[in-house]
Number of protein chains: 2
Amino acid sequence: MSGSSGLSGSSGSLASCVPLAREPITSDQAVGVVPMLKALADPTRLRLLSLVLSHEGGEACVCDLLPHFDLAQPTISHHLKVLHEAGLVDREKRGTWVYYLARPEAMAALGSIFVLPVGQERP
Amino acid sequence: MSGSSGLSGSSGSLASCVPLAREPITSDQAVGVVPMLKALADPTRLRLLSLVLSHEGGEACVCDLLPHFDLAQPTISHHLKVLHEAGLVDREKRGTWVYYLARPEAMAALGSIFVLPVGQERP
DNA sequence: TGTCAATATCGACGTGTGTCGATGTCTGGG
DNA sequence: CCCAGACATCGACACACGTCGATATTGACA
């Protein structure tokens, strides 16, 4: 056991800066970061985020994304929901269309996880 | 599709530099990167990698890691195997003990995925 | 108002994954 | 030579996950 103090959990807005190499992360920190990693641990969702990020203005509607996949529309909708609930993209409804916007904060948080202390970057 | 210059696939040593935001990544690129992300999309494995990274010299034997968890030894051994097969840690046998070493190249590759083009880092 | 297009939700199905206990393999020591 | 410790492999189980077709919801437009 150990850890598991009383926290509300869920993938709120934590995981701002949790480098793995600085010191052993706690179970709570791990549980806070994992939802984002789990959301991207799927080829379709990783491509979806990449498509949104590299699209005009870092945003794209579902109809822009659908043609890039051989998957059914509900499947893409499901994947976008997972990305949204993980805090990786925002939702914005405009008329009939729904636009998804990448969240730079989430990208920064993910990048900070893998930062190595100086002197440990040996390729 | 298309692209896919001649690569053997599998989670070999690719994924050196695959930023999501630069341009839409290909399916092959996604499939190449996902094993690493999937390996870390688990609280236990994320903590294991953090423990190894922050341990003396970026290495630790199984007996060093076991006490930090409430899981059975075969379970930890399984998770370490997943991390190893994803290219995140190296295995090194010394006498009766087996040491796991973090791979800085993998950390750098993962970090590069989330790099944003200048002018897009809006906190 | 009625219809169509865009997107989300629902229920179901097959597959993948984390966990365990039992057992196998290898190394060092008496 | 045999025993004990460190670690891996195996088989099994419950659960989570990706996918689909069918259906509901919402907004635009004639």
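Residue numbers start from 1 in every chain, and the chains themselves are labelled A, B, ... in the order their sequence lines are given, proteins ahead of strands.
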Inset, instruction - Between B:Lys93 and B:Asp42, just flag the one whose closest nucleotide in DNA chain C comes earlier from the 5' side. - result: B:Asp42
Legend entry - Under the salt bridge (Lys or Arg N to Asp or Glu O under 4.0 Å) test, residues paired with A:Glu23 that sit two or more places apart: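 Salt bridge (Lys or Arg N to Asp or Glu O under 4.0 Å) check on A:Glu23 returns nothing, list empty.
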Legend entry - Hphob cluster co-occupancy, A:Ile76 + A:Trp97, side-chain heavy atoms under 4.5 angstrom: no
Legend entry - Minimum-distance nucleotide (side-chain atoms of B:Arg45 versus C:dG18, C:dC26, D:dG21):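 Of the candidates, C:dG18 comes closest.
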Inset, instruction - Indicate the ring-plane relationship of B:His84 and B:Tyr100, choosing parallel, tilted or perpendicular according to the 30° and 60° boundaries. - result: perpendicular
Listing time: all N or O pairs from protein to nucleotides 4-14 of chain C that are below 3.5 Å?
{"from": "C:dT7", "atom 1": "OP2", "to": "A:Cys63", "atom 2": "N", "distance (Å)": "3.1"}
{"from": "C:dA8", "atom 1": "OP1", "to": "A:Arg91", "atom 2": "NH1", "distance (Å)": "2.7"}
{"from": "C:dA8", "atom 1": "OP1", "to": "A:Tyr100", "atom 2": "OH", "distance (Å)": "2.5"}
{"from": "C:dA8", "atom 1": "OP2", "to": "A:Ser77", "atom 2": "OG", "distance (Å)": "2.4"}
{"from": "C:dA8", "atom 1": "O5'", "to": "A:Ser77", "atom 2": "OG", "distance (Å)": "3.3"}
{"from": "C:dA8", "atom 1": "N7", "to": "A:Gln73", "atom 2": "NE2", "distance (Å)": "2.9"}
{"from": "C:dA8", "atom 1": "N6", "to": "A:Gln73", "atom 2": "OE1", "distance (Å)": "3.3"}

Inset, instruction - Nearest 0.5 Å please: distance from the CZ atom of A:Phe114 over to the CG atom of B:Leu49. - result: 8.0 Å
Over how many whole Å does the gap from [X] atom [atom1] to [N] atom [atom2] extend?
X: B:Leu65; N: D:dC7; atom1: CG; atom2: P; result: 9 Å
X: B:Leu40; N: C:dG18; atom1: CG; atom2: P; result: 12 Å
X: A:Phe69; N: D:dT19; atom1: CZ; atom2: P; result: 10 Å

Inset, instruction - Kindly indicate whether the side chain of A:Val82, heavy atoms from C-beta on, has any atom under 4.5 Å from the side chain of A:Arg45. - result: yes
Legend entry - Within-4.5 Å side-chain heavy-atom neighbours: B:Glu92 and B:Glu59: no
